[in-house]
2 protein chains.
Amino acid sequence: MESSSNPIQDYLSYALAAAHRKMQASLSTRLKQHGIQIEAWRILETLEAGHRLTMGQLAEVVLMNPPTLTKLVDRMVSDGLVHRQVAQADHRQVNVLPTALGKKRMLQIREEVQEQDIEFQSLLGKDEASKLIELLRGVVQ
Amino acid sequence: MESSSNPIQDYLSYALAAAHRKMQASLSTRLKQHGIQIEAWRILETLEAGHRLTMGQLAEVVLMNPPTLTKLVDRMVSDGLVHRQVAQADHRQVNVLPTALGKKRMLQIREEVQEQDIEFQSLLGKDEASKLIELLRGVVQ
DNA sequence: TGATTTTACTTTCCAAGTCAAATAAATTTC
DNA sequence: GAAATTTATTTGACTTGGAAAGTAAAATCA
C-alpha cells in the first residue's frame with residue numbers, strides 16, 4: 001500500500017504515532033525473546049538508577065497510568081523481578097525496588113534495547129537521530 | 001517529578017514514546033468532546049481521500065491490527081459513520097466507505113485536529129515542527 | 001484535637017485489544 | 001480441474017487497559 005499524497009501523513013500526531021508504532025513493534029519483538037514487555041524493561045531500567053521511587057513517581061517516568069502500573073508491578077513481583085516496600089516516612093506511599101534477579105535480567109535486556117537504538121540511529125544517521133531526540137524532548141518539554 | 005539525568009530519557013524509543021503519549025493524551029481529550037476516538041477519526045480522514053480501501057489497506061494506514069479494526073468498524077457501522085461493501089473483483093476483500101454522516105462528522109473533527117497540530121507547531125516553532133515530521137517519516141520510511 | 005480535605009495507591013468493572021483459530025475466496029500446483 | 005496452498009477478513013477466548021470508586025494515611029483547619 002502506497003499513497004504519497006494522503007493528507008493524514010501531514011498531521012504531526014499521525015507522523016508521531018506511525019514512528020512510535022514501528023519502533024514499539026520492533027522493540028517488542030526483541031524483548032519477547034527475553035520474555036518481558038517494554039514497560040517492564042522501563043521499570044527495571046528506571047529503578048536501576050538507584051533512586052527510591054514511589055509507585056506514583058514510577059508511573060510518571062515509565063509513561064503508565066497508576067492502575068496499569070499496579071497490575072504490572074503485581075506480575076513483576078510474582079516473577080521475582082521487583083518487590084514493594086511501604087515508605088516509612090509516608091505510609092500511603094509504596095516504594096518499588098528491584099531484586100537481584102531483576103537487576104541481572106535488566107542488564108541482559110538493556111543490551112537488546114541498545115542494539116535496537118543503534119539500529120535506528122544508523123538508519124537515520126547519527127546527527128539526525130540526536131536532532132530527533134532533541135525535537136521529541138521539545139514536544140514533551 | 002524531575003530527574004534530568006535519568007538514562008532512560010536518552011533512548012530513542014523512550015523519547016518517541018513520551019512525545020507520543022503526550023500528544024495522544026491531548027488529542028484524545030479534544031476528540032472526546034466530539035464523542036470519537038483517535039483511530040475512528042483516522043479512518044474517516046483516510047476514507048475521505050476518496051480511494052476505495054479494503055480493510056487490510058485501511059488497517060495499515062490507520063496503524064491498527066486487523067482484528068482491532070474489524071471491531072472498530074463494527075462500532076462505526078452501528079454509529080452510522082461508515083458501511084462495508086464486499087469487493088466485486090475479489091470477494092475476500094471488504095471495502096469500507098464513509099456515509100454522509102461520517103463525512104459531515106469528519107469535517108467537524110478535522111478542525112479540532114488541525115487546531116491541535118497548530119498548537120504543537122507553535123510550541124516547537126514552525127521550522128522545527130516540519131523538521132520533526134521529516135525525521136519521523138525517516139523512522140517509518 | 002476532632003472533623004474535613006487532600007493525596008497515594010489499589011480494586012473493580014467494563015470496554016477494548018491480542019493471538020490463534022476459523023471461514024471463505026482466490027491462486028497455484030500437479 | 002481437483003487438491004493443496006495462500007490470502008483477506010472475522011470470530012472467539014483470553015488478557016489487558018482505563019475510569020471511577022474504594023481504602024487508608026497524611027495534611028489542613030476550625
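Numbered from 1 within each chain, the chains take letters A, B, ... in sequence-line order.
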Chemist: Determine, stepwise, if the pair B/M55 / B/Q93 fulfils side-chain contact (heavy atoms from CB on, under 4.5 Å).
Modeler: CA-CA 7 Å; B/M55 289 292 285; B/Q93 298 183 333; over 6 Å; no
Chemist: What is the minimum heavy-atom distance between B/A25 and B/T29, and which atoms define it?
Modeler: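 Shortest heavy-atom separation between B/A25 and B/T29 comes out as O-OG1, 2.8 Å.
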Chemist: Send over the distance from A/H91 NE2 to C/dT7 C1', rounded to a whole Å.
Modeler: 15 Å
Chemist: Take the angle between the ring planes of B/H20 and A/H20 and call it parallel below 30°, perpendicular above 60°, tilted in between.
Modeler: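 Parallel: the ring planes of B/H20 and A/H20 meet at under 30°.
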Chemist: Just the rounded figure in Å: distance from P of C/dA15 to CD1 of B/I36.
Modeler: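 These atoms are roughly 18 Å apart.
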Chemist: Treating primed atoms plus P, OP1 and OP2 as sugar-phosphate and everything else as base, which nucleotides of nucleotides 7-20 of chain D get B, S or - for protein heavy atoms under 4.0 Å?
Modeler: BSSBBBB---SBBB
Chemist: Taking the side chain from A/R42 and the backbone from B/I8, do they hold a donor-acceptor pair closer than 3.5 Å?
Modeler: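 No; zero donor-acceptor contacts below 3.5 Å.
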Chemist: Expressed as a whole number of angstroms, how long is the span from B/M76:CE to C/dA16:P?
Modeler: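 That distance rounds to 13 Å.
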Chemist: Taking the side chain from A/T54 and the backbone from A/N95, do they hold a donor-acceptor pair closer than 3.5 Å?
Modeler: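 A pair under 3.5 Å: no.
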